[in-house]
Amino acid sequence: MTTVDEAWRQLTVWAREPVLEQLRQAARGEPVVPSLYHWRTGMDPAAPAALPFLIALVREPDRPNREELLDALAQLVVVGRSEAAERRAPGWAAAWQEHHTALEPLLADPDPEVRLTALSLTERARPLLARIPVETEPWLWALQLACLGAVADPADPAARALLTDTLHSATGPDAPARRLAALRGLTALDAAEPERWADRWVTAVLDPAAPAAVDRLWTRPDDGYRAELEREVAGTSRSLPPRAAAQLAVRLARAARDADRPELCAAALEAAWHPLLDLPSTGPLWLTTAGELLSSPDPRIRHWAAAFLAVLGRAAAPYADALHARLADTDGDEFLDGTTADQARWALARIGDPRVLPDLVRQLTAVERENGRGFVRGDPRRPEPYDALLPLHEHAAVLRPQVAEWAREGESHAWPWNHPGARLLAAWDGPADGPAPPPDLEAAARGLLRTPPHRRYKEDRDLYLDAVAAVAELSRRGPLSPGVRAAVEHALSLDRRLSPLGDYRAVLDDERLREVLRRALDGEAVTVPPLSHWDQVDFE
């Protein structure tokens with residue numbers, strides 16, 4: 001550590017001591033946790049040199065502050081798995097590769113919580129193959145099986161044998177939970193081949209004895225939350241690639257409906273929501289199923305089904321009558337914003353059904369007349385009026401008087417021109433030239449080639465806006481160059497939303513951006529239409 005540059009060892013703003021001195025204090029048993037990560041600046045460059053010292057400290061069972069040190073190390077490792085870690089702390093990947101096996105003995109630590117943390121730091125199958133047969137905590141044993149499937153090579157015969165033997169040898173009252181635990185590992189091991197285990201997983205989840213067995217075996221000691229089968233469904237879906245998660249959820253939703261298990265059908269719909277928002281290809285998987293579930297006797301299922309059809313937009317047109325029948329349905333999911341009627345109304349608006357247009361603005365703007373509402377970002381919720389109405393410019397003749405009345409309500413505000421109704425009227429009228437294009441049009445348009453197949457956390461919105469604005473400007477100047485055409489074709493071929501947003505707005509913007517790119521590729525002169533609000537809610 002003494003060879004580490006002083007600028008690396010001295011953290012800025014919030015650390016009182018250099019990293020070397022923090023490690024010395026921790027080694028003396030003082031209640032100090034070395035500060036090697038900050039949420040704003042990321043991993044400290046001293047982390048690679050400090051790693052072996054931290055590992056040595058947490059391996060001492062009687063060391064004071066051991067739990068805090070281990071938690072700090074686990075957080076550091078999570079940060080180290082991000083692509084930015086190596087840029088911020090050069091040498092971290094090599095240091096972790098050299099030293100991480102020294103943490104594997106913690107899998108046998110007497111403290112179950114230490115074993116749990118060590119599990120998140122394990123990256124090899126061998127120590128898990130030795131530990132799983134002797135694990136005494138059922139809840140931790142199930143997590144170890146899942147971790148084994150995640151870290152093992154799919155061709156590893158020992159890992160596959162342990163998982164399949166556990167699956168087939170489970171007997172007695174604990175068998176449903178043991179089978180599900182084995183399937184946790186198999187789903188991770190064969191994530192790319194869901195056909196190898198999907199039917200068995202659905203059968204295991206629908207076992208009538210599974211909820212009681214999961215509650216009894218997987219509830220952690222001193223945990224106020226009991227283990228639930230519905231959370232197992234959600235956890236399995238999160239561990240899979242989005243496309244596989246969507247396919248699995250569709251199977252479970254249909255099977256749960258046929259087995260009269262509404263709680264599992266609702267869990268399947270919830271598990272499929274984010275894959276539906278992220279991947280356009282998952283929409284066709286759900287059209288028929290969501291339409292059929294719209295008549296479910298369970299209010300939660302009806303709410304989710306209407307929300308799915310709202311996301312599907314014009315593709316849900318065959319179910320317009322069924323959605324119209326739900327406009328009086330004031331039930332919903334108690335944990336979600338709005339009612340089934342709200343989602344059905346928005347779905348009909350997305351379809352362009354004329355039956356909801358006369359009273360649509362007043363119904364959508366009801367959220368503004370409420371004294372606040374609660375929702376979780378990314379969950380199904382009532383859309384902001386501006387976002388829901390913006391794509392309906394084809395029906396402006398019917399909607400414009402309603403929107404104008406809504407906009408007049410904003411005249412008492414300090415900034416009446418910023419009222420969403422006024423902004424909506426301006427967006428419908430729209431300037432002919434659209435947003436200002438970036439300076440280097442060719443370079444900005446080719447930026448679409450950098451769009452990854454899957455959405456990244458904290459993506460740069462300017463990548464999309466600049467690139468599409470550049471393509472639009474180039475389309476008005478003549479035929480697109482081969483390089484720009486290749487970039488546009490690449491973006492259109494991706495099974496993802498061309499938007500950095502992570503809720504319903506990503507679907508709305510993706511539809512508009514794709515339409516612009518398709519028309520430009522066909523040789524039309526296009527402009528970029530207005531997009532959804534980038535803020536979470538309207539300014540007011």
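Starting from 1, each residue takes its place in the sequence as its number.
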[Y]/[X] salt bridge by N-O under 4.0 Å criterion:
{"X": "D174", "Y": "R216", "result": "yes"}
{"X": "R400", "Y": "D429", "result": "yes"}
{"X": "D342", "Y": "R381", "result": "no"}
{"X": "R314", "Y": "E394", "result": "yes"}
{"X": "R226", "Y": "E228", "result": "no"}
{"X": "R251", "Y": "E195", "result": "yes"}
{"X": "R300", "Y": "D331", "result": "no"}
{"X": "E515", "Y": "R512", "result": "no"}
{"X": "D522", "Y": "R518", "result": "no"}
{"X": "D387", "Y": "R382", "result": "no"}
{"X": "E511", "Y": "R514", "result": "no"}
{"X": "R497", "Y": "D278", "result": "no"}
{"X": "E292", "Y": "R257", "result": "yes"}

- prompt: With L294, which of I301, D329, L323 fulfils side chain to side chain contact (heavy atoms under 4.5 Å, CB included)?
  reply: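 It is L323; the other options fail the test.
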
message: Applying side chain to side chain contact (heavy atoms under 4.5 Å, CB included) to Q402 and R362, what does each step give before you reach the verdict?
response: CA-CA 8 Å; Q402 303 176 48; R362 189 183 68 84; 5.7 Å; no

To the nearest 0.5 Å, tell me how far [X] [atom1] sits from [Y] [atom2].
{"X": "L186", "Y": "L145", "atom1": "CG", "atom2": "CG", "answer": "9.0 Å"}
{"X": "T166", "Y": "L180", "atom1": "OG1", "atom2": "CG", "answer": "12.5 Å"}
{"X": "L163", "Y": "L148", "atom1": "CG", "atom2": "CG", "answer": "5.0 Å"}
{"X": "L390", "Y": "L531", "atom1": "CG", "atom2": "CG", "answer": "8.0 Å"}
{"X": "D503", "Y": "F375", "atom1": "CG", "atom2": "CZ", "answer": "8.5 Å"}

message: Given the ring of W141, does R178 sit roughly above its face, with NZ or CZ under 6.0 Å from the centre of the six-membered ring and within 45° of the axis?
response: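 Cation-pi check for R178 and W141: passes.
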
Between S499 and R505: side-chain donor-acceptor atoms closer than 3.5 Å: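 No.
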
query: Cut-off 3.5 Å, side chains only: do E232 and W218 have a donor facing an acceptor?
result: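 No donor-acceptor contact under 3.5 Å links the two side chains.
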
Heavy-atom pair of closest approach, residues [X] and [Y]:
{"X": "A320", "Y": "L348", "answer": "O-CD2, 3.5 Å"}
{"X": "R446", "Y": "G483", "answer": "CG-O, 4.1 Å"}
{"X": "L463", "Y": "G447", "answer": "CD1-O, 3.3 Å"}
{"X": "L276", "Y": "T282", "answer": "CA-OG1, 3.2 Å"}
{"X": "V471", "Y": "L480", "answer": "O-CD2, 4.2 Å"}
{"X": "S475", "Y": "A525", "answer": "OG-CA, 3.7 Å"}

query: ring-ring contact (aromatic ring centres under 6.0 Å, His included): which pairs involve residues 310-368, sequence neighbours left out?
result: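 Residue pairs passing ring-ring contact (aromatic ring centres under 6.0 Å, His included), neighbours aside: W346-Y504.
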
field: Backbone of P241 reached by a side-chain donor or acceptor of H454 within 3.5 Å
entry: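 Side chain of H454 to backbone of P241: no pair is present.
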
Enumerate, atom names and distances included, each donor-acceptor pair closer than 3.5 Å involving a side-chain atom of residues 265-275, sequence neighbours excluded.
residue, atom, partner, partner atom, Å
W273, NE1, G378, O, 2.6

- prompt: Quick one: does V507's side chain get under 4.5 Å of R350's, heavy atoms only?
  reply: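 Side-chain contact under 4.5 Å: yes.
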
